[in-house]
2 protein chains.
Amino acid sequence: MSRAEGQRERTESLAHRVPDLAALELLLAVARLGSLGAAAREVGITQPAASSRLRSMERQLGVALVDRSPRGSRLTDAGALVTDWARRVVEAAAAFDAGARALRDRRDSRLRVAASMTIAEYLLPGWLLALHAERPDTAVSLLAGNSAKVAELLLAGEADLGFVEGLNVPTGLDSTVIAHDRLIVVTAPGHPWARRRRPLTAAELASTPLILRERGSGTRQVLDAALGGLARPLIELSSTTAVKASAVSGAGPSVLSELAVGEELSLRRLVSIPVEGVPLRRALRAVWPTGHRPTGPARELLSLTRA
Amino acid sequence: MSRAEGQRERTESLAHRVPDLAALELLLAVARLGSLGAAAREVGITQPAASSRLRSMERQLGVALVDRSPRGSRLTDAGALVTDWARRVVEAAAAFDAGARALRDRRDSRLRVAASMTIAEYLLPGWLLALHAERPDTAVSLLAGNSAKVAELLLAGEADLGFVEGLNVPTGLDSTVIAHDRLIVVTAPGHPWARRRRPLTAAELASTPLILRERGSGTRQVLDAALGGLARPLIELSSTTAVKASAVSGAGPSVLSELAVGEELSLRRLVSIPVEGVPLRRALRAVWPTGHRPTGPARELLSLTRA
DNA sequence: CCCTGCTCATAAGACCAGCTTATGCCCTCA
DNA sequence: TGAGGGCATAAGCTGGTCTTATGAGCAGGG
C-alpha cells in the first residue's frame, strides 16, 4: 500500500493536489463572511492576495468554488462541499496545533498535563483546543505514558492534572470519571465474524487469538480483566496504529477503543462485532494527587472535559 | 467565537504554526521507513531537502521529533505523538483530495456518482479513497443533491450509481442497504436534558422545539416520519454545519446523524441524549436504475461500501 | 442624476522560502 | 582499512506569493 503507491502516485503527492492550510482557511472565511475582501482582512492579507489565492485554488481543483459578483461572493454548490471537506482538514490541523503547542511548552508551563496514550492521541488535542479558546494565554504541556507513569509524574509534582483509562485508580490519587469508553471487537469486513448473526460469547473471545497491544497497555489491561486474564495474543504490537493497520489488512480480530476506530468503522475498513457478557466499558478518569484539588487552568480543563 | 478570535489570534493563524502537508507526509514517511534519505526518495525530493524540511518543522514546533543517528532515524516519544496527529491531518487531506478529484472529473468521467448531502460529505470521500487505491485510473465524478435529485440523475442516465439516506426508495430504482445510520438527539452539555436520568420519550421530543435542517432534507424527513409528522422547529437552517454550530452554542436541542457529530461528541461539545420508542435508525442505500445492475467501477465501489 | 462606497480583477515589482547540487563527516560492517 | 549508508552544511538558483497601485462594475443616497 505504501511503497507501491509511492511509485505509482508520481501523479504528485497530496501536497500538490490539496491547497495549503492558508488557502483552506481563506475559503472558510469567505464562506462565512460572504466577501473576499472581508475574508482577506480576517486572515491578515490584502484583498488581491486573497483573490489570487482563491483563483489558484480553483485552478488547482479544477472546480469553481465561489460566485463572485460586484455585491459579494457566495459559494457554488461544489464550493459548499469542498468547504465542508476543507473544514475537516482545518479541524485536524487545529488539533495538531493544540497538541504540538502543549508539547512545546513542556518546560516553562503553567498547566502540565499527563495522559495515557489513547487519551493523549484522541481526546486531548480537542480539549486543549477548547481550553485555548477560553484561556488563550494558558501555556499547557503534555506528557504521555501509561497509568503508572501518569501517577509518578503527578506524585512527583511534575504534572498538575492527569488522565488515565485503566480500571483502578493508582494509589495516592483522587479521581473523577469524565467519560466512558468502550472497547469493541473489530475485524476486517471479510472476516467470518462479520457475518455472524449471534453476538460473540466471552468464551469464544477468550479462545480466539487476537491482535493486541502489548501487555501493560491500558487497553490490554481492561480486556484481560474482562476475560479473566485470558486474552490470547495472535500478534502483539506496540502502537494502536499498528494494531489497526494489521486488523484492517485482515490478519485477524482485534479489540480496540471505540475512540481509535471511529473512522475505520464509518469507512467500513473495519466492522464492529457484537459481544455479550463481557464488560468492555471502561471509565476515563481525571486524576490528581490526593488533597490537591485542581485549581486554576487545571480546574478549567477539567470542567471542559465534563461539559 | 470567530471574529473575536480572528482578532485575538494575531498570534498568526494555523497555517503559520502547523507544518504544511508536504512536511507532514515527510514525517510519516520517516516514521515508517526509519531513514531521512529513504523518506526523501519516497516523497520525491533529495535528502538535503528532507533534512532541512524536517529541521524547520522541529524548529516551528519547538520539539525534537526524530533522533538522528549515523545508522538511521527514529521517532522520539514526542515525535510519535506528533506523527499520530499528523496522520489525521493527512487523512483529512486525502479525503479532501478524493472528493475534489471526483468533482473535477465531472464532465469526462467513467463513473458518475450521485449522493445525498450527508453521504457526500461524510462517507464518500473515504470510499473514493479506497476505490482510488484499488483502481487508480478510474475517474469519478460526484454530484450531490437530495433523494429526488439523485433519482432524476440516475433515470436520466447522468449518473451510474447513487446513494440515498431516505426512508423510501424512489420509484424506478433498485437498491441495496449498504449501512445504517442513526439519528441522535444532541444538546450542548449544559442543557437540562444532559442531566436526565431517564430516556426521552417520543412525546417529549415531539413537543420540544428543535434546531433542524430545512424541510425536505433526508434527516428532517426521517425525523418527521418517526414522530408522525410532528417535529417542531425552533430554528430551521440550511446546512448541517450551521445546525451543529447552533446546537453547540446552546441554542437548543437538535437531531442529527451520528455521522455528522462524531467529533463534537468525543470532544463533549455536544452530548447525546438517549431516546426511547422513536425509530431513529435509518438505512443508507445504494441505488441504481431498475434493471441496470452496477457493473465495472460502479460495482467495485458498491462492494467497497459493503465490505 | 451623479457621486460615494462597496465589490472584485489586473499589473508590476520585491521578497522570501525551498529546492538542487556539491561536498564533508561519522559510523558500521566486511 | 576501505566501502557504503546515514546525516549536515554551503552556495546558488528558481518560483511562488505577497504588496502597492490602479481600473471597472454595481448600488444607494443626496
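Each chain gets a letter, A, B and so on, in the order its sequence line appears, and its residues count up from 1. None of the values given here were measured: they were computed from a predicted structure.
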Can any side-chain N or O of B:Thr219 pair as donor or acceptor with the backbone N or O of B:Leu256 at less than 3.5 Å? no
Rounded interatomic separation in angstrom, taking CD from A:Glu58 and C1' from C:dA9: 13 Å
Would you find a donor on one side and an acceptor on the other, under 3.5 Å apart, between the side chain of A:Ser51 and the backbone of A:Gln47? no
Closest to the B:Ser51 side chain, choosing from D:dA8, C:dT7, C:dT10: D:dA8
Taking only the side-chain nitrogens and oxygens of B:Ser35, find out if one of them lies under 4.0 Å from OP1 or OP2 of D:dC7. yes
For a quick test of your reading: what N or O donor-acceptor pairs under 3.5 Å do the side chains of residues 75-92 of chain B make, sequence neighbours left out?
{"unit_1": "B:Thr76", "atom_1": "OG1", "unit_2": "B:Ala64", "atom_2": "O", "d": "2.8"}
{"unit_1": "B:Thr76", "atom_1": "OG1", "unit_2": "B:Leu65", "atom_2": "O", "d": "3.1"}
{"unit_1": "B:Thr76", "atom_1": "OG1", "unit_2": "B:Gly79", "atom_2": "N", "d": "2.9"}
{"unit_1": "B:Thr83", "atom_1": "OG1", "unit_2": "B:Gly79", "atom_2": "O", "d": "2.6"}
{"unit_1": "B:Asp84", "atom_1": "OD1", "unit_2": "A:Thr241", "atom_2": "OG1", "d": "3.0"}
{"unit_1": "B:Asp84", "atom_1": "OD1", "unit_2": "B:Arg87", "atom_2": "NH1", "d": "3.0"}
{"unit_1": "B:Trp85", "atom_1": "NE1", "unit_2": "A:Glu121", "atom_2": "O", "d": "3.4"}
{"unit_1": "B:Arg87", "atom_1": "NH1", "unit_2": "A:Thr241", "atom_2": "OG1", "d": "3.4"}

For B:Arg74 and D:dG6, what is the distance between atoms CZ and P respectively, to the nearest whole Å? 16 Å
Just the rounded figure in Å: distance from C1' of C:dA9 to CG of A:Leu36. 10 Å
Take nucleotides 16-27 of chain C nucleotide by nucleotide from the 5' end and write B, S or -, depending on whether a protein heavy atom sits under 4.0 Å from the base, only from the sugar-phosphate, or from neither. ---SBBB----S
B:Arg104 side chain vs A:Leu61 backbone, donor-acceptor pair below 3.5 Å: yes
Given 3.5 Å as the limit, does a donor-acceptor pair link the side chain of B:Glu134 with the main chain of B:Leu301, or not? no
Closer than 3.5 angstrom, by distance alone: can the side chain of B:Arg220 be matched with the main-chain N or O of B:Arg213 as a donor-acceptor pair? yes
When you check the phosphate oxygens OP1 and OP2 of C:dT7, does a side-chain N or O of A:Arg68 lie under 4.0 Å from one of them? no
Write down the distance between CG (A:Leu54) and P (D:dT17), rounded to a whole number of angstrom. 13 Å
